[in-house]
Amino acid sequence: MNSVDTIFAPAPDLDDRLADAATWEHGGRLWPSGEQQTLTCCRVIDETHDVRSFEFRTANGLPVRFEPGQFLTVSANVQGQSVERCYTISSAPTRPFLLSITVKRVPGGTVSNWLHDNMKPGGTLRAYGPSGVFTPSAAPATKSLYLSAGSGVTPLMSMTRAGIDLGLDRDIVFIHSARTPTDIVFREELAWLAKRSPRLRVFFVCEGVGDEAHWNGPTGRLTLHLLSQWAPDYLEREVFTCGPAGYMSAVRALLREGGHDPARYHQESFDIGAGVAPEPARPAAAEGIFTVKLSRSSKSFTMNASETLLSAAKKAGVVVASSCSQGVCGTCKTKVLEGTVDMKHNGGIRDREIQKGFHLLCCSRPTSDLVLEL
Ligand SMILES: Cc1cc2nc3c(=O)[nH]c(=O)nc-3n(C[C@H](O)[C@H](O)[C@H](O)COP(=O)(O)OP(=O)(O)OC[C@H]3O[C@@H](n4cnc5c(N)ncnc54)[C@H](O)[C@@H]3O)c2cc1C
């Protein structure tokens, strides 16, 4: 099916169309997934008092291929040190020439403050990716419930923008929780989008009114009562949730109490470590010394089977892009050209990538000699 047929495909393929929109061909010139790029900032937008969107274009102006919900790993040079963090792409793949990230200033945080204080139009940033499996195509649905809190709005915003740009008219209930009304990220745009898309319904719930004494929305936290009022058919909906760890565990408990099927619940955590499964003890059989050859640099090193490939590569002086070290972010995704590895990831790689031979070095250990595409 060519890209024109795909765009005009019939309604049941809604989520495939989002994925297709992310992979449409543009004269064969795309930023291939998994590669590093230098992005140039072209606009900075104040979303709230402590949240800013940074819009970038690629250095060569090429369009970027990604799925809504995916993230970039950015590398900032802070006081001479290269520091990496993940940020969801808040813009939609349907507008592939500009990429936005929307960043909340975290008190004491290294990269969020660096971005807020230093990133201006004309500034540059190294980025890897896009990565991540928190995408609508991973769980196709015609009725969705988006639940977000704070900066967790970003992946759901990308999904919403993309759906509307494609004219999908999807049935979405989008409930966003914020501390106060002035903390609601994308407040005006979400309300504007909802006005134009009758099947997108947007609701806000704020813990307190803050400076906005005339706030007439509900205050407090999301409850089963509010949920049933806004999405009476929530049991039939595919749920996508993103927000702080405490918010997501409260949402999960709420949905469990209401009888929602956990298999239809999908979440993205911004807290690396939260929700990550502890690694099982390594069996004694995982001992042994293996040789790892790198196809691009012709380097090689030996390593113990109990070590991760990332840690052994770094010890051997090999420069590898990495961030979370827990199989979440996907930054260290690398193709294994020869040999076998034992990988225990936490969602940072898709089955179809594994089938193509890709592995995450941070959570893979060798079970034979290897050749890596590095
Ligand atoms: C997949 C993914 C997507 C994400 N998307 C977004 C997004 O769209 N928008 C967004 O805003 N964020 C997002 N994040 C979170 C983001 O990656 C960063 O974690 C966040 O911006 C904080 O980074 P930082 O460098 O500013 O803070 P850090 O330097 O990592 O610090 C975090 C906290 O730890 C404290 N701290 C730091 N050093 C110490 C120390 N030595 N001792 C004690 N405390 C310390 C800081 O005070 C701060 O409170 C995402 C994360 C992931 C994993």
- prompt: Checking Ser249 side chain against Gly246 main chain: does a donor-acceptor pair fall under 3.5 Å?
  reply: yes
- request: Flag yes if Val205 and Ile184 sit in one hydrophobic cluster, no otherwise; membership is Ile, Leu, Val, Met, Phe, Trp, Tyr, and two members link when side-chain heavy atoms are under 4.5 Å apart.
  value: no
query: Looking only at heavy atoms, what is the nearest atom pair of Phe97 and Gly61, with distance?
result: CD2-O, 3.7 Å
query: Is any side-chain heavy atom of Tyr265 less than 4.5 Å from a side-chain heavy atom of Val251?
result: yes
Side-chain heavy-atom pair Thr88, Ser158 within 4.5 angstrom cut-off: no
field: Atom CG of Asp211 with >12 non-hydrogen neighbours under 6.0 angstrom
entry: no
query: Atom CG in Leu168, atom CG in Leu200: separation rounded to 0.5 Å?
result: 12.0 Å
- prompt: Which pair of heavy atoms, one from Cys363 and one from Gly327, lies closest together, and at what distance?
  reply: SG-CA, 3.8 Å
query: Stepwise, does the side chain to side chain contact (heavy atoms under 4.5 Å, CB included) test hold for Leu310 with Ser325?
result: CA-CA 8 Å; Leu310 180 65; Ser325 298; 4.1 Å; yes
- request: Can you sort out the partners of Lys293 under salt bridge (charged side-chain N to carboxylate O under 4.0 Å, His left out), two or more places apart, ordered by chain and number?
  value: none
query: Would you say Leu372 and Met303 are hydrophobically clustered, going by side-chain heavy atoms of ILVMFWY under 4.5 Å?
result: yes
- request: Locate the shortest heavy-atom distance separating Cys362 from Cys332; write the atom from each residue and the value.
  value: N-SG, 3.3 Å
task: Mind checking the CG-CZ spacing from Leu98 to Arg57? Nearest 0.5 Å is all I need.
output: 8.5 Å
field: Tyr87 side chain near Val111 side chain, heavy-atom distance below 4.5 Å
entry: yes
task: List in chain and number order the residues that pass salt bridge (charged side-chain N to carboxylate O under 4.0 Å, His left out) with Asp46, two or more places apart in sequence or in another chain; answer none if no residue qualifies.
output: Arg52
Donor-acceptor pair between Thr58 and Gln37 side chains, under 3.5 angstrom: no
- prompt: Between Ser228 and Tyr234, what is the shortest heavy-atom contact and its length?
  reply: OG-CE2, 3.9 Å
- prompt: Side chains of Thr102 and Glu47: do they bring a donor and an acceptor to under 3.5 Å?
  reply: no
query: NZ of Lys195: more than 12 outside heavy atoms within 6.0 angstrom?
result: no
task: Could you grab the distance from atom OG1 of Thr308 to atom CG of Asp342, nearest 0.5 Å is fine?
output: 12.0 Å
message: Hydrophobic cluster membership, with links at side-chain heavy-atom distances under 4.5 Å among I/L/V/M/F/W/Y: are Val173 and Met157 in one?
response: no
- prompt: Would you say Ser368's side chain and Thr340's backbone share a donor-acceptor pair under 3.5 angstrom?
  reply: yes
message: Do Met159 and Leu156 make a side-chain contact, defined as non-hydrogen atoms from C-beta onward lying under 4.5 Å apart?
response: yes
message: Quick test of your reading: applying salt bridge (charged side-chain N to carboxylate O under 4.0 Å, His left out), list the pairs with at least one residue in residues 231-260, sequence neighbours left out, ordered by first then second residue.
response: Lys143-Asp233, Lys143-Glu236, Asp171-Arg237, Asp233-Arg237, Glu238-Arg264
- request: Output the distance between atom CD1 (Ile89) and atom OG (Ser100), rounded to the nearest 0.5 Å.
  value: 9.5 Å
message: Measuring only between side-chain heavy atoms, which start at C-beta, is Ser151 closer than 4.5 Å to Val103?
response: no
message: For the residue pair Ser75 / Ser82, report whether a side-chain donor-acceptor contact shorter than 3.5 Å exists.
response: yes
statement: With sequence neighbours left out, the residues meeting side chain to side chain contact (heavy atoms under 4.5 Å, CB included) with Trp192 are Arg196
task: Following the transitive rule for hydrophobic clusters with a side-chain heavy-atom cut-off under 4.5 Å over Ile, Leu, Val, Met, Phe, Trp and Tyr, establish whether Val83 and Leu39 coincide in one cluster.
output: yes
statement: The reported gap from OH in Tyr128 to CG in Leu72 (rounded to nearest 0.5 angstrom) is 12.0 Å
- request: Kindly compute the distance separating CZ (Arg365) from OG (Ser306), expressed to the nearest 0.5 Å.
  value: 7.0 Å
message: Run Leu255 and Leu227 through side chain to side chain contact (heavy atoms under 4.5 Å, CB included) and show every step you take.
response: CA-CA 9 Å; Leu255 290 168; Leu227 182 60; 3.8 Å; yes
field: Arg221: salt bridge (charged side-chain N to carboxylate O under 4.0 Å, His left out) partners, not counting sequence neighbours
entry: Glu207
query: Cluster question for you: counting only ILVMFWY and a side-chain heavy-atom cut-off of under 4.5 Å, with indirect links fine, are Val336 and Val318 together?
result: yes
- prompt: Apart from Val371 itself, which Ile, Leu, Val, Met, Phe, Trp or Tyr residues share its cluster (side-chain heavy atoms under 4.5 Å, direct or through members)?
  reply: Leu337
- line: Leu235 meets the side chain to side chain contact (heavy atoms under 4.5 Å, CB included) criterion, sequence neighbours left out, with His260
- prompt: Quick one: are Phe56 and Ile101 in side-chain contact, heavy atoms under 4.5 Å?
  reply: yes
- request: Could you walk me through whether Leu166 and Thr94 pass side chain to side chain contact (heavy atoms under 4.5 Å, CB included), step by step?
  value: CA-CA 7 Å; Leu166 289 174; Thr94 42; 3.6 Å; yes
query: Thr223: what forms a side chain to side chain contact (heavy atoms under 4.5 Å, CB included) with it, not counting sequence neighbours?
result: His225, Leu226
query: Would you call Glu373 and Lys335 a salt bridge, taking side-chain N to carboxylate O under 4.0 Å as the test?
result: no
query: Which atom pair, heavy atoms only, marks the closest approach of Ser177 to Tyr247?
result: OG-CE1, 3.7 Å
message: Is the shortest side-chain heavy-atom distance between Phe240 and Pro155 below 4.5 Å?
response: no
query: Which residue, Arg179, Lys104, Arg105, forms the salt bridge (charged side-chain N to carboxylate O under 4.0 Å, His left out) with Asp50?
result: Lys104
task: Determine whether Glu189 and Arg161 make a side-chain contact, defined as any pair of heavy atoms from C-beta on separated by less than 4.5 Å.
output: yes
query: If you look only at pairs with a residue in residues 163-183, which of them pass as a ring-ring contact (aromatic ring centres under 6.0 Å, His included), with sequence neighbours excluded?
result: Tyr146-Phe174
- request: Give the other cluster members for Ile289, using side-chain heavy-atom distances under 4.5 Å between Ile, Leu, Val, Met, Phe, Trp and Tyr residues; answer none if it is isolated.
  value: none
- prompt: Taking all non-hydrogen atoms of both residues, which atom of Gly132 and which atom of Phe71 are closest, and how far apart?
  reply: CA-CE2, 3.6 Å
query: Quick one: do Glu212 and Arg187 make a salt bridge, cutoff under 4.0 Å?
result: yes
message: Show me the pairs that pass ring-ring contact (aromatic ring centres under 6.0 Å, His included) and involve residues 320-374, at least two apart or across chains.
response: none
field: side chain to side chain contact (heavy atoms under 4.5 Å, CB included) against Ala250, all qualifying residues, sequence neighbours excluded
entry: none
query: Given Leu309 and Thr334, is the side chain to side chain contact (heavy atoms under 4.5 Å, CB included) satisfied, shown in steps?
result: CA-CA 10 Å; Leu309 285 163; Thr334 301; over 6 Å; no
